[in-house]
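Residue numbers begin at 1 in each chain, while the letters A, B, ... track the order of the sequences.
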Amino acid sequence: MSDLKPARTRMAPSPTGRFHLGSARTALFDYLLAKKTGGQFVLRIEDTDRKRFVPGSEEEIIASLKWLGIEPDEGPGYGGPYGPYRQTERRQAYADHARILVDKGAAFPCFCTPERLAAVRQEQQKRKETPRYDGTCRSLSPQEAASRIADGEKYVIRFKMPYEGVTVARDLLRGEIATENRHLDDTVLLKSDGLPTYHLAAMLDDHLMDITHVLRGSEWLPTFPLHVQVVRAFGWDEPVWVHLSVFLKPSGKGKMSKREAAQAMTDGYSIFVKDMEGLGYTPEGVLNWIALMGWGVAEDDVMNLDEMVERFDVEKLTPSPAAINFNKLDHFNGTHIRRLPVDELARRIKPFFVDAGYEVDNDTLLKITPLIQERLVTLDDCIAFGGFFFQETVTPDPQDLVAKGLTAAQSAEAARRSLDILSGVDSLAHDIAEPPLRALVEEMGLNAGQVFGILRAAVTGQRVSPPLFESMEVIGKEKVIERLEGAIGALENLDDTPPKG
RNA sequence: GUCCCCAUCGUCUAGCGGCCCAGGACGGGGCCCUCUCAAGGCCCAAACAGGGGUUCGAGUCCCCUUGGGGACACCA
């Protein structure tokens with residue numbers, strides 16, 4: 001870290017849609033940098049585009065950050081000394097500052113109608129030129145501009161980009177980026193509705209809020225020189241600029257799109273943080289996963305939030321685009337599930353059992369959790385691995401009751417002898433029940449997989465389950481015997497076909 | 001079309017001139033363990049886009065080509 005002075009970082013989403021992975025990663029890095037240096041992470045809502053406003057998206061942003069465990073120190077609903085934190089509640093400041101730039105000669109009022117601008121743009125494109133403002137209002141005298149404003153004519157305020165010269169901007173990860181001013185435009189700073197565009201609003205607020213490090217997506221790189229010029233025109237200190245790469249779709253060809261988002265859903269994944277919880281992902285898993293896309297960690301890459309804060313270094317972020325890889329999300333999720341204390345895991349999987357319609361008693365829940373813990377990739381896998389524990393009865397597929405290499409009659413015989421043994425044993429504690437059954441396997445000249453497979457299907461109703469003896473212990477002697485009797489009955493009803501291959 | 005950014009295994013990445021015939025992780029393959037499924041352990045295949053420089057020495061610095069990505073709104 002180049003400096004350990006407390007950093008003030010900000011995440012500035014616009015409430016125009018759903019909160020996705022890319023935003024979450026920016027927020028994470030903002031959070032890590034702030035916590036690492038003992039600074040603050042602020043949330044600012046950039047809601048100056050009223051046309052694209054989507055009700056509920058601010059709530060989704062806040063809920064997502066909360067679920068991830070990277071809550072802002074300041075922001076809407078959190079308060080703080082730099083409020084308000086919604087840009088529509090700060091409109092006067094933008095208008096005032098746009099005026100300041102005009103007075104300084106760094107910006108000018110523009111009365112061109114959207115229709116005229118569109119026509120100009122079309123004409124330029126026809127001539128294969130880069131679309132840009134043609135400068136019509138740039139040379140208006142202050143008097144004329146003032147009188148047209150007084151007449152009530154609609155206008156915007158544009159930045160007066162120098163026609164000559166080069167703007168050199170410095171990005172922490174990429175170094176100096178030089179752009180010739182002639183390629184830049186007289187960009188609109190204040191719209192005719194009196195609200196600012198991003199180019200003014202973000203620069204002003206970052207300054208007013210004492211933001212020290214701006215972490216944002218690389219889609220801002222083309223307007224980076226403009227932003228630097230705006231800041232310099234005001235005479236403010238620049239923050240440290242860090243442009244993060246974008247997330248590419250799994251194929252690596254192109255960035256995540258609507259289509260790709262839909263595809264992820266059909267594959268059981270989502271690029272929206274809010275969906276992650278319902279899909280059985282843990283905040284730890286998601287955080288670890290997104291952290292490693294764009295942050296180069298050489299080894300020991302399994303980290304929780306605290307460990308990330310400990311090891312974070314903003315200079316170690318990588319500038320190249322990263323393709324999303326859901327395999328890795330599954331891996332990290334499983335890894336973090338295994339790291340969870342049993343009672344914590346139990347608390348987290350309980351809602352999935354409840355939602356599936358099971359009546360969950362905490363005693364049983366706590367007993368089965370360690371049995372399924374290392375088998376879960378997502379939390380909702382608990383149903384597949386442990387649902388039968390909460391069922392009164394199970395109904396195995398009769399075919400699953402027939403062991404490989406045995407006929408139905410032979411399988412029934414093995415089940416009967418197992419039943420005799422289990423009936424006679426004092427307890428189904430696994431260390432008590434297992435030895436005599438192993439002896440039976442030996443005696444019948446079979447192998448463990450055959451006999452235990454029959455019992456597994458009979459007792460759990462499935463061919464895949466947690467370890468058999470531990471499972472039987474939880475289910476209890478009474479139910480085990482009951483289920484075994486049912487299985488024997490089912491086997492006896494089976495036509496005796498040749499041994500299962 | 002113009003501008004900007006990026007470029008190491010299929011993917012995420014380590015590497016900031018000699019420690020690299022390139023390390024880790026996911027995924028893939030094999031073996032071990034094993035009552036199923038996992039988990040775990042061991043092993044294997046897999047990359048410096050190409051071409052020029054600079055240097056005693058280049059994955060590491062510079063240039064070009066190629067490829068990829070992004071941006072060209074009174075959206076952010």
Exercise. Could you check which of B:rA38, B:rC4, B:rU2 has an atom nearest any side-chain atom of A:L221?
Key: B:rC4

Quiz prompt | A:K255 side chain, from C-beta outward: closest of B:rG70, B:rC6, B:rC35 | solution = B:rG70

Exercise. Could you tell me whether the phosphate oxygens of B:rC35, OP1 or OP2, come under 4.0 Å of any side-chain nitrogen or oxygen in A:K404?
Key: no

Quiz item: So, are A:R375 and A:D381 salt-bridged, with charged N and O less than 4.0 Å apart?
Solution: no

Exercise. By nearest nucleotide on RNA chain B, pick out whichever of A:L317 and A:P467 is the more 5' one.
Key: A:L317

Practice problem: Could you check A:L184 against A:F385 and say which one's nearest nucleotide on RNA chain B is further toward the 5' end? | Solution: A:L184

Exercise. Would you verify whether the NZ or CZ of A:R148 falls within 45 degrees of the ring axis of A:Y155 while also being under 6.0 Å from that six-membered ring's centre?
Key: no

Self-check item: Options B:rC74, B:rA76, B:rG70, nucleotide nearest the side-chain atoms of A:R52
Solution: B:rA76

Quiz item: Which nucleotide in the list B:rA76, B:rC35, B:rA39 gets nearest to the side chain of A:R438?
Solution: B:rC35

Quiz item: Between A:E307 and A:R311, is there a salt bridge with N-O shorter than 4.0 Å?
Solution: no

Quiz item: Under 3.5 Å, is there an N or O donor on one side and an acceptor on the other linking the side chain of A:S320 and the base of B:rC6?
Solution: no

Practice problem: Ignoring backbone atoms, establish whether A:R463 has a side-chain N or O less than 4.0 Å from OP1 or OP2 of B:rC37. | Solution: no

Self-check item: Ring-face cation of A:R91 near A:Y94 (centre distance under 6.0 Å, axis angle within 45°)
Solution: no

Practice problem: Look at the side chain of A:K253 and decide which nucleotide, out of B:rC35, B:rG15, B:rG68, has an atom nearest to it. | Solution: B:rG68

Practice problem: Give a yes or no on whether a salt bridge exists between A:R348 and A:E344, defined as a side-chain N under 4.0 angstrom from a carboxylate O. | Solution: yes

Exercise. Go through B:rA71, B:rC6, B:rC74 for me and flag the one nearest to the A:P319 side chain.
Key: B:rC6

Quiz prompt | Phosphate OP1/OP2 of B:rU2 contacted by A:K128 side-chain N/O (<4.0 Å) | solution = no

Self-check item: SB check A:D205 A:R44 (cutoff 4.0 Å)
Solution: yes

So which protein nitrogen or oxygen atoms get under 3.5 Å of nucleotides 22-33 of chain B's nitrogens or oxygens?
| from | atom 1 | to | atom 2 | distance (Å) |
| --- | --- | --- | --- | --- |
| B:rG23 | O2' | A:E299 | OE2 | 3.4 |
| B:rA25 | O2' | A:D301 | OD2 | 3.3 |
| B:rA25 | N3 | A:K328 | NZ | 2.8 |
| B:rC26 | OP1 | A:H331 | NE2 | 3.3 |

Quiz item: How far, in whole Å, is B:rG29 from B:rA45 if one measures between their P atoms?
Solution: 16 Å

Practice problem: Take atom C1' in B:rC44 and the same atom in B:rG52, then report the distance between them in whole Å. | Solution: 37 Å

Quiz prompt | Of the listed nucleotides B:rC75, B:rC35, B:rA71, the one nearest the side chain of A:K191 | solution = B:rC75

Every protein N/O lying under 3.5 Å from an N/O of nucleotides 40-46 of chain B:
| from | atom 1 | to | atom 2 | distance (Å) |
| --- | --- | --- | --- | --- |
| B:rG40 | OP1 | A:R338 | NH1 | 3.4 |

Quiz prompt | Selection from B:rA71, B:rU36, B:rC5 that lies nearest to any side-chain heavy atom of A:I177 | solution = B:rC5

Quiz prompt | A:T318 vs B:rU13: side-chain N/O to OP1/OP2 distance below 4.0 Å | solution = yes

Quiz prompt | d(CD, A:Q450; C1', B:rU36) in whole Å | solution = 13 Å

Quiz item: Hey, does the Lys NZ or Arg CZ of A:R138 hover above the aromatic six-ring of A:Y163, less than 6.0 Å from the centre and inside 45° of the axis?
Solution: yes

Practice problem: May I ask you to decide whether A:R170 forms a salt bridge with A:E238, counting only side-chain N to carboxylate O separations under 4.0 Å? | Solution: no

Quiz item: Any side-chain N or O of A:K316 less than 4.0 Å from the OP1 or OP2 oxygen of B:rG15?
Solution: yes

Exercise. Count the heavy atoms belonging to other residues, nucleotides or ligands that lie under 6.0 Å from CZ of A:R463, then report whether that count exceeds 12.
Key: no

Quiz item: How far does the C1' atom of B:rG51 sit from the matching atom of B:rU66, given to the nearest Å?
Solution: 10 Å

Quiz item: Under 6.0 Å between ring centres, would you say that holds for A:F159 and A:H199?
Solution: no

Quiz item: In whole angstroms, how far is the C1' atom of B:rA71 from the CD atom of A:Q125?
Solution: 14 Å

Exercise. Kindly state whether the ring of A:W289 and the ring of A:Y281 have centres lying under 6.0 angstrom apart.
Key: no

